[in-house]
Amino acid sequence: MSRYTAAEIEAKWQEAWSKNETFKAVRDESKPKYYVLEMFPYPSGKLHMGHVRNYTMGDVIARYKIATGHNVLHPMGFDAFGMPAENAAMASGGHPKDWTYANIDTMVDQMKPLGLSLDWSRMFATCDTEYYGQQQALFLDFLNEGLVYRKNAVVNWDPVDMTVLANEQVEGGRGWRSGALVERRELTQWFFKISDHSDELLQALDALDNWPAKVRLMQENWIGKSRGLEFGFERVDGADPITVYTTRPDTLMGASFVGISPDHPISKEMEADNPELAAFLAECRKVGTTEEAIETAPKLGYDTGIRVKHPLNPDWELPVWIANFILMDYGTGAIFACPAHDQRDLDFCRKYDLPVTNTFFMLDDDTPVANEALVPTKSERVRWVDHFAGLDVATGEEAINATVDFAEKAGWGTGVTKFRLRDWGLSRQRYWGCPIPVVHCDTCGVVPEKKENLPIELPYDEDGKAIDFSVPGNPLDRHPTWRDCACPSCGAAAKRETDTMDTFVDSSWYFARFTAPRADTPTVAEDAAYWMNVDQYIGGIEHAILHLLYSRFFARAMHICGHLPESAKEPFDALFTQGMVTHAIYQTPNANGRPTYHYPEDVELRDGKGFLADGTEVEIIPSAKMSKSKNNVVDPVSIIDGFGADTARWFVLSDSPPERDVEWTASGAEAAFKHLSRVYRIATDVAGSDTGAQAADEELLREMHKAIRDVTMGVESFGFNASIAKLYGFTNTLAKSKAGSDAKRQAARTLAQLMSPMTPHLSEEIWQLLGGEGLVVNAPWPVADEAMLVEASVTMPIQINGKRRGEITVPKDMPKEEVEKLVLAHEAVTSRLEGAQPKKLIVVPGRIVNVVV
RNA sequence: GCCCAAGUGGCGGAAUGGUAGACGCAGGGGAUUCAAAAUCCCCCGACUUAACGGUCGUGCCGGUUCGAGUCCGGCCUUGGGUACCA
């Protein structure tokens, strides 16, 4: 009996697939196409278990689709621009490009042993000149279509390093390297006009039936369509009115003050000759640029001294305050506050001693608001206090509509629809990104580069010094010659734009590029028409909003410019979001009480407790995200070296539902290896035996057909863990079966086939061993025979008052009345009824019986 | 803060509103072996019972239902996102 030697088997079959070009995708109109895509990785230089899980899931789908007769496109690439490469250059010298390509080489070497069904001939990285050159061409087309523009926007400014910081580079309001307090600063930046498509991006979500509902909901809330009222507050001093936008105009009679953003034009105008206000605004500008920082910062206000008139009562004057929680980007940057029905407004008014007045009460409670705002759902009926539109008892929703109508008829306000979604700022003041292909000319202004001059390449180390990360800032800015160019319009000396593009741009169209990765246009019509859309997209839930929304916009923009067909405007037909791979953290407290983290290989597990070599017990924190600093990262390469790729693949699929996190455990991986060894052993036993037909043949084959049905259902519904549970069960059945060798051989071949999406190498080996024809990867997927699935009888539990008290086995199609008779005669029932009639008898055919006594 | 999820034995998890705990791990017992490894078989939520069985049990509180892990309302905890991490 030979042993399961994964390393030999895996190398052998990978070579076979490679020789046959099994996974090379070629257009073939005679077959239905299937495009499966996993979100491409950032080339950190180290393959992570999370990658293994993500790609294995895609591989299961891809191999299953090959087996069901599809022409499959399954590509892979790298999302290769971004900050880590610049950070590496800052930390240890070298060039981001060298660092990135070295990492890509390493990761490809780590991925290939997994035996994924990838068409490697289509691979590219977004930092390849061929890719980002085409991206620049797209940018110029977008610019030409009016989809790109420039405006001012705030960034995190580090006043010591004199550089722009990313949000993650701001720690506690300070720059991560300099430690200086970060300031908000305005810069002129490039924007994509995604907001023009807000409504369409929202409406189209409804048709994405094969996306997780949670992702559609998150995008819906992010786009944030709201209906409200826009109107002006007349200023007592006669200056231009202050225009506010509110989604709760019905609470206007409870208005306490008018609030404006620190970035509002009025704030800025007053700042110049008011040092006190300037100090206040400087304080506001110390808060970071993230929504989280703004929303959670302590609420600050400043009374401008400006007074405005209430639109319904010119004698009622309201103060105008600058408040740090009002965003200039949303609405008009000005609001009116109704503290009785908004907790944030209420907190603010209590802090600054501003009046609080209820505009409505609950039907059964007329206590005025104290320190908790009254905020019922908009569909709840409430009683209004002297409502100006004449309402008494009505819902918030009705009151809002009545108020908008009232204001429009009276002529002092307009009902408007607004979106929370802002335009997409794509400018980055960084080197390692796609250069924005425009030129600044003293006479012509901002001029797009000519397409024939593309790609605008990033400068490399021409003189060994040009690209220097030892000083902060953007190396493109201080490069001695790179900026110099001729104006594409007038030919005079001009300067290149030094901003590069947000890396989300790179990942917003790579899926389209995979359909024609070497073309000298962004896409090729025939290839895009054949391969698009992505039939199944798989990636992390962390991309639910930004990446997926930007990609949806980009596909629309590419369609407008003729780079994608109309049918590809919504590029991902189905989406699946998978969970993380986690691992326990092993820690002991050190002298200061801080934790010291221990590597898994240094910890011995006994009875659920962990011990170091010297006997010290370690604290085990289960299911933590793998992190280098916590020493709990499991390296896929060592697992593959130890057990083989099939074991790693089997394990990451087996233990948890794919959408949830899976905890990597050494014992789980070991168990997976033992199971695969067992399957191999069973297959070799079966191959070596020779008996005639046996009585148990039919039973085994029935179980085989059930396994085909259940495993197939699991694969089709992303229930890979359920498929694997069935495969365990069927393996046990086969191992214990008394069937003859022919039936067993058929069962074992089918087992190998059903396992082949998960463990393709082992399956090829067993398929060959048992005389399967050709490669199992090309064998048609088995189909369950309905006749073999029919059960003659069914066992139903008998419940009395909802509690299980017995069971009854009856023919599958026994009429309800007869089942009732049998149940009422059942000992468990008669003993509890004691001759009385049941109050109710519920028979769910084939399922359950409940007797109510 | 706001938006979106998740929470079931010692552990990962299973369960179209219909027998809670499939399958796997860990643990316990046994077979095989000179012994071990490997393999095979059995047991395995808590409490209670000699046993049959009974009671409780799916984060917490309440509701709908003949019947709730599943549906509804309100919390708690953890995770993801929060527009310059990718």
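What you see is a predicted model; the values in this text were computed from it and never measured.
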Fill in: Near-strand residues of residues 167-176 of chain A, defined as heavy-atom separation under 4.0 angstrom from RNA chain B
A/Asn167, A/Glu168

Discussion item. In whole Å, measure the gap between the P atoms of B/U16 and B/A22 for me.
Written reply: 15 Å

Worksheet item: If only side-chain N and O atoms of A/Thr503 are considered, is one of them under 4.0 Å from the OP1 or OP2 phosphate oxygen of B/A86?
Response: yes

Worksheet item: Paired with B/C11 by Watson-Crick or G-U wobble geometry, both distances under 3.5 Å: which nucleotide is it?
Response: B/G24

Discussion item. Pairing check on B/U70: which nucleotide meets the Watson-Crick or G-U wobble criteria with it, both distances under 3.5 Å?
Written reply: none

Discussion item. Distance check, P atoms only: B/U70 and B/C2, in whole angstrom units.
Written reply: 25 Å

Worksheet item: With a cut-off of 6.0 Å (strictly less than), are more than 12 heavy atoms of other residues, nucleotides or ligands near NZ of A/Lys299?
Response: yes

Worksheet item: Does any N or O donor sit under 3.5 Å from an N or O acceptor when you compare the side chain of A/Arg847 with the base of B/U16?
Response: yes

Worksheet item: What distance, rounded to whole Å, do you find between the two P atoms, one in B/G59 and one in B/G12?
Response: 13 Å

Fill in: Polar contact flag, side-chain donor to acceptor under 3.5 angstrom, A/Ser178-A/Asp158
yes

Worksheet, complete the sentence: Rounded to whole Å, the NZ-P distance (A/Lys839 to B/U65) equals 15 Å

Response to the item:
Checking N1-N3 plus N6-O4 or O6-N4 for Watson-Crick, or N1-O2 and O6-N3 for wobble, each under 3.5 Å, the partner of B/U64 is none

Practice prompt. State the pairing partner of B/U78; accept Watson-Crick or G-U wobble contacts with both distances under 3.5 Å, and report none otherwise.
Written response: B/A5

Discussion item. Both A/Lys726 and A/Val851 contact RNA chain B. Which one's nearest nucleotide lies toward the 5' end?
Written reply: A/Lys726

Worksheet item: When the nearest nucleotide of RNA chain B is assigned to A/Leu421 and to A/Glu807 on a heavy-atom basis, which residue is associated with the more 5' position?
Response: A/Glu807

Fill in: A/Gln429 side-chain proximity, nearest of B/G54, B/U19, B/C84
B/C84

Worksheet entry | Phosphate OP1/OP2 of B/G24 contacted by A/Asn721 side-chain N/O (<4.0 Å) | no

Worksheet item: Is it true that a side-chain atom of A/Arg285 and a backbone atom of A/Glu183 form a donor plus acceptor pair closer than 3.5 Å?
Response: no

Fill in: Within 6.0 Å of CE in A/Met162, more than 12 heavy atoms from elsewhere
no

Discussion item. Between A/Arg430 and A/Met83 (side chain of the first, backbone of the second, donor and acceptor by atom type, cut-off under 3.5 Å), is there such a pair?
Written reply: no

Worksheet item: Looking for any heavy atom pair under 4.0 Å, which part of the strands does A/His547 touch: base, sugar-phosphate only, or nothing?
Response: nothing

Worksheet item: NA contact type, A/Gly82, heavy-atom cut-off 4.0 Å: base, sugar-phosphate, or nothing?
Response: sugar-phosphate

Practice prompt. Would you please say whether a donor-acceptor pair under 3.5 Å links the side chains of A/Trp190 and A/Glu497?
Written response: yes

Worksheet item: Under 3.5 Å, side chain of A/Asn324 to main-chain N/O of A/Cys284, donor-acceptor pair present?
Response: no

Worksheet item: Do A/Ser654 and A/Asn721 meet the criterion of a side-chain donor-acceptor pair at a distance under 3.5 Å?
Response: no

Worksheet entry | nucleotides 1-9 of chain B: protein proximity per nucleotide (B base, S sugar-phosphate only, - neither; heavy atom, under 4.0 Å) | B-SSS-S--

Item to complete: Quote, to the nearest angstrom, the C1' distance that separates B/G80 from B/A86.
Response: 14 Å

Worksheet entry | Main-chain N/O of A/Pro658 paired with A/Gln578 side-chain donor or acceptor, under 3.5 Å | no

Worksheet, complete the sentence: In Watson-Crick or G-U wobble terms, with both distances under 3.5 Å, the base opposite B/U55 is B/A46

Worksheet item: Expressed as a whole number of Å, how far does the P atom of B/A37 sit from that of B/A26?
Response: 14 Å

Worksheet item: On the ring face of A/Tyr330, is A/Lys418 found with NZ or CZ under 6.0 Å from the centre and within 45° of the axis?
Response: no

Practice prompt. Provide the Watson-Crick or G-U wobble partner of B/C40, both distances under 3.5 Å; none if there is no partner.
Written response: B/G30

Discussion item. Please tell me if A/Ser656 has a side-chain N or O lying less than 4.0 Å from either OP1 or OP2 of B/G13.
Written reply: yes

Worksheet entry | Atom pair distance, as rounded to whole Å: CG in A/Leu727 and C1' in B/A14 | 16 Å

Discussion item. Suppose you measure atom P in B/A35 against the same atom in B/G9; what distance do you get, rounded to whole Å?
Written reply: 41 Å

Discussion item. Check this one for me: any side-chain N or O of A/Lys840 less than 4.0 Å away from OP1 or OP2 of B/U65?
Written reply: no

Discussion item. Just the rounded figure in Å: distance from P of B/C23 to NZ of A/Lys674.
Written reply: 18 Å

Worksheet item: Closest to the A/Gln189 side chain: B/C66, B/C84, B/C23?
Response: B/C84

Worksheet item: Given atom CD of A/Gln219 and atom C1' of B/A83, what is their separation to the nearest angstrom?
Response: 13 Å

Worksheet item: If you measure from the C1' atom in B/G62 to the same atom in B/G13, how many Å do you get, rounded?
Response: 29 Å

Discussion item. By nearest atom, which of the nucleotides B/G18, B/C84, B/A86 is closest to the A/Asp79 side chain?
Written reply: B/A86

Discussion item. Measuring from the side chain of A/Arg430 (C-beta onward, heavy atoms only), which nucleotide among B/C41, B/C84, B/U16 has the closest atom?
Written reply: B/C84

Item to complete: Identify which nucleotide among B/C84, B/U82, B/C40 has an atom closest to any side-chain atom of A/Arg681, counting heavy atoms from C-beta outward.
Response: B/C40

Discussion item. Does A/Lys151, at its NZ atom, have more than 12 non-hydrogen atoms belonging to other residues, nucleotides or ligands within less than 6.0 Å?
Written reply: yes

Worksheet item: Which of these nucleotides, B/C84, B/A86, B/U19, is closest to any side-chain atom of A/Arg804?
Response: B/U19

Worksheet item: Between A/Tyr42 (OH) and B/C85 (C1'), how many Å, whole number?
Response: 10 Å

Practice prompt. Would you check if the side chain of A/Ser723 reaches a backbone N or O of A/Val711 as a donor-acceptor pair within less than 3.5 Å?
Written response: yes

Worksheet entry | Polar side chain donor-acceptor pair, A/Asp499 to A/Gln189, under 3.5 angstrom | no

Practice prompt. Mind calculating the distance between CE (A/Met713) and C1' (B/A15) to the nearest angstrom?
Written response: 13 Å

Practice prompt. Mind telling me if B/G69 is syn or anti? Syn here is a glycosidic angle within 90° of 0.
Written response: anti

Worksheet item: What interatomic distance, in whole Å, is found between P of B/G74 and the corresponding atom of B/G24?
Response: 41 Å

Discussion item. If you compare every side-chain N and O of A/Asn54 against the phosphate oxygens of B/A86 (OP1, OP2), does one of them come in below 4.0 Å?
Written reply: no

Practice prompt. Write down the distance between CG (A/Leu548) and P (B/U82), rounded to a whole number of angstrom.
Written response: 13 Å

Worksheet item: Rounded to whole angstrom units, what separation is found between the CZ atom of A/Arg420 and the P atom of B/A83?
Response: 9 Å

Worksheet item: Counting side-chain heavy atoms from C-beta on, which of B/C56, B/C84, B/G18 comes nearest to A/Lys803?
Response: B/C56

